[in-house]
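Working notes for the structure below.
Heavy-atom basis, side chains included; hydrogens, waters and symmetry copies ignored.
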Amino acid sequence: MFYHVKELQFNARVSKPDPRFARLLLEQFGGGNGELKAAMQYFVQSFCCKMPYPDKYDMLMDIASEELGHLEIVGATIQMLLAGVSGELKEAADSTEIMQMMSGQAGKENYLQQALFNPQFDVLTGGGPRLTDSNGNPWMGTYVNANGDLTVDLRSNLAAESRAKIVYEYLLPFTDDPDVKATLTFLMTREVAHYQQFEAALDTIQPNFPPGVLQSDPRYSNLYYNMSMGEDARGPWNEGVSTQLKEEWQYIDNPQQQVVETDGLLDIEPTGTDRTEASVKEADEKLSEVRSEEIKSATPEKDLQWSDYNGGSMKGKKKTEKTVYA
């Protein structure tokens, strides 16, 4: 159940209309990294969390709802940036300011070149936002990433917040309006806040690397292949100890030679790691059992009910704790 509060979360303001920037800002309304994408992504992800992880369900729904509020802020700002356009179009007479400006072929071309107007504002929306990116490409459900595994979904969300943040950062130099800049800065800052919230939630799931359940094959998990000619770059990504599995990187200077000598990597043993195929198999089975039991124990097989109307809010029913599976 959603309840709409008519006041915006942030007091969005515009000093003066700017149709050019309105077009750019559409990127955060209906673009692949925009607010609707974020709201729908976290909303869809939340369903798998409802019973086994009610605390994460609560977080995802809270942030998804806030993102819808951000979508409203962006839409309201676009509408204000287009102030005057809708009224002029509604007059539908040759004497209107827009029609006078566009008088003749040269006038029409000058209008488009000077305003960099998204034609959809004129011919489809009558001076309002539309669910597209800045080039008019429609919003698509394929923007949404939801894999049904929290360790994967939360990482997708870290990437989503990072991309949304950088888009706002790129948008800021294209407006001189201090009021619009204040709105963009607020929205950009909330992306940073959400990033940290998702990061903290991921940290409560231990182990959470590799993403998912299966732990990876120790024969290949610490190999770095030199796939380029010329001077080789070295760094913590191909020398020393790996960040998560704490294995020693094995630098393969001649990948083709290794492939030939090992029968296509079939005849190879783990090197530079304490993990073995046997230990990985044991870890896979143990973590599979634990994660499966988490879901099964929280999900009844009959007489299911999504909401507990007599039990009050889901908030606080399950505290967020860091659980470590040895």
Mark yes or no for whether [X], through its side chain, and [Y], through its backbone, hold a donor-acceptor pair below 3.5 Å.
{"X": "Thr204", "Y": "Ala201", "result": "yes"}
{"X": "Asn238", "Y": "Ala233", "result": "yes"}
{"X": "Ser279", "Y": "Thr276", "result": "yes"}
{"X": "Asp263", "Y": "Leu266", "result": "no"}
{"X": "Ser292", "Y": "Glu289", "result": "no"}
{"X": "Glu261", "Y": "Val259", "result": "no"}
{"X": "Ser242", "Y": "Lys246", "result": "yes"}
{"X": "Thr175", "Y": "Pro173", "result": "no"}
{"X": "Gln45", "Y": "Asn145", "result": "yes"}
{"X": "Asp18", "Y": "Arg20", "result": "yes"}

Start with the C-alpha distance between Glu247 and Arg275, add both sets of side-chain angles, then the distance that settles salt bridge (charged side-chain N to carboxylate O under 4.0 Å, His left out), and finish with yes or no. CA-CA 9 Å; Glu247 299 172 324; Arg275 300 192 311 140; 2.9 Å; yes
Could you check whether the rings of Phe186 and His70 sit parallel, tilted or perpendicular, using 30° and 60° as the cut-offs?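 Ring orientation of Phe186 relative to His70: perpendicular.
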Parallel, tilted or perpendicular: rings of Trp306 and Phe47 (30°, 60°):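 Phe47 and Trp306: tilted rings.
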Can you confirm whether [X] sits close enough to [Y] that some side-chain heavy atom of one is under 4.5 Å from a side-chain heavy atom of the other?
{"X": "Thr77", "Y": "Val14", "result": "yes"}
{"X": "Leu202", "Y": "Arg155", "result": "yes"}
{"X": "Thr132", "Y": "Asn137", "result": "no"}
{"X": "Glu199", "Y": "Leu158", "result": "yes"}
{"X": "Leu81", "Y": "Pro19", "result": "no"}
{"X": "Tyr3", "Y": "Val5", "result": "yes"}
{"X": "Met227", "Y": "Gln256", "result": "no"}
{"X": "Phe21", "Y": "Val180", "result": "yes"}

Atom of [X], atom of [Y] and distance for their closest heavy-atom approach:
{"X": "Thr183", "Y": "Ala12", "result": "OG1-CA, 3.6 Å"}
{"X": "Pro129", "Y": "Gly75", "result": "CG-O, 4.0 Å"}
{"X": "Arg291", "Y": "Pro207", "result": "NH2-O, 2.8 Å"}
{"X": "Glu72", "Y": "His4", "result": "OE2-NE2, 3.1 Å"}
{"X": "Leu223", "Y": "Ile268", "result": "CD1-CD1, 4.4 Å"}
{"X": "Leu150", "Y": "Cys49", "result": "CD2-SG, 3.6 Å"}

Can a donor-acceptor pair be found between the side chains of [X] and [Y] at a distance below 3.5 Å?
{"X": "Thr151", "Y": "Asp149", "value": "yes"}
{"X": "Ser156", "Y": "Gln41", "value": "no"}
{"X": "Asp179", "Y": "Ser15", "value": "yes"}
{"X": "Gln258", "Y": "Tyr225", "value": "yes"}

Reported [atom1]-to-[atom2] distance for the pair [X] and [Y], which is rounded to 0.5 angstrom:
{"X": "Gln250", "Y": "Ser221", "atom1": "CD", "atom2": "OG", "value": "10.0 Å"}
{"X": "Phe174", "Y": "Lys181", "atom1": "CZ", "atom2": "NZ", "value": "10.5 Å"}
{"X": "Leu171", "Y": "Leu184", "atom1": "CG", "atom2": "CG", "value": "6.0 Å"}
{"X": "Asp133", "Y": "Leu25", "atom1": "CG", "atom2": "CG", "value": "12.5 Å"}
{"X": "Lys50", "Y": "Asp58", "atom1": "NZ", "atom2": "CG", "value": "10.0 Å"}
{"X": "Glu161", "Y": "Gln197", "atom1": "CD", "atom2": "CD", "value": "8.5 Å"}

Within the supplied structure, the quantity of interest is the number of heavy atoms (other residues, nucleotides, ligands) at a distance under 6.0 Å from [X] [atom1]; does it exceed 12?
{"X": "Asp176", "atom1": "CG", "value": "no"}
{"X": "Tyr220", "atom1": "OH", "value": "yes"}
{"X": "Glu282", "atom1": "CD", "value": "no"}
{"X": "Asp274", "atom1": "CG", "value": "no"}

I want to check a possible cation-pi pair here: Arg130 against Phe29, using under 6.0 Å from ring centre and within 45° of the ring axis as the test.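 No.
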Is a salt bridge present between Arg190 and Glu66, judged by a nitrogen-to-oxygen distance below 4.0 Å?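 Counted as a salt bridge, because a side-chain N and a carboxylate O are separated by less than 4.0 Å.
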Do Lys281 and Glu277 meet the salt-bridge criterion of a basic N to acidic O distance under 4.0 Å?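 Here Glu277 does not pair with Lys281 in a salt bridge, since their nearest N and O are not under 4.0 Å apart.
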For the side-chain hydrogen bond (donor to acceptor under 3.5 Å, both in side chains) test, which of Gln28, Glu27, Arg23 pairs with Ser134?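 Considering Gln28, Glu27, Arg23, a side-chain hydrogen bond (donor to acceptor under 3.5 Å, both in side chains) with Ser134 is found only for Glu27.
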Do Tyr42 and Tyr57 have ring centres separated by under 6.0 Å?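 No - the distance between ring centres of Tyr42 and Tyr57 does not fall below the 6.0 Å cut-off.
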Could you list the donor-acceptor pairs under 3.5 angstrom formed by side chains in residues 31-38, with sequence neighbours left out?
{"from": "Asn33", "atom 1": "OD1", "to": "Arg163", "atom 2": "NE", "distance (Å)": "3.1"}
{"from": "Glu35", "atom 1": "OE2", "to": "Tyr168", "atom 2": "OH", "distance (Å)": "2.5"}
{"from": "Lys37", "atom 1": "NZ", "to": "Tyr143", "atom 2": "O", "distance (Å)": "3.2"}

One pair to check against side chain to side chain donor-acceptor pair (under 3.5 Å): Tyr53 and Glu294. What are the steps and the verdict? CA-CA 9 Å; Tyr53 312 111; Glu294 284 178 341; 2.5 Å; yes
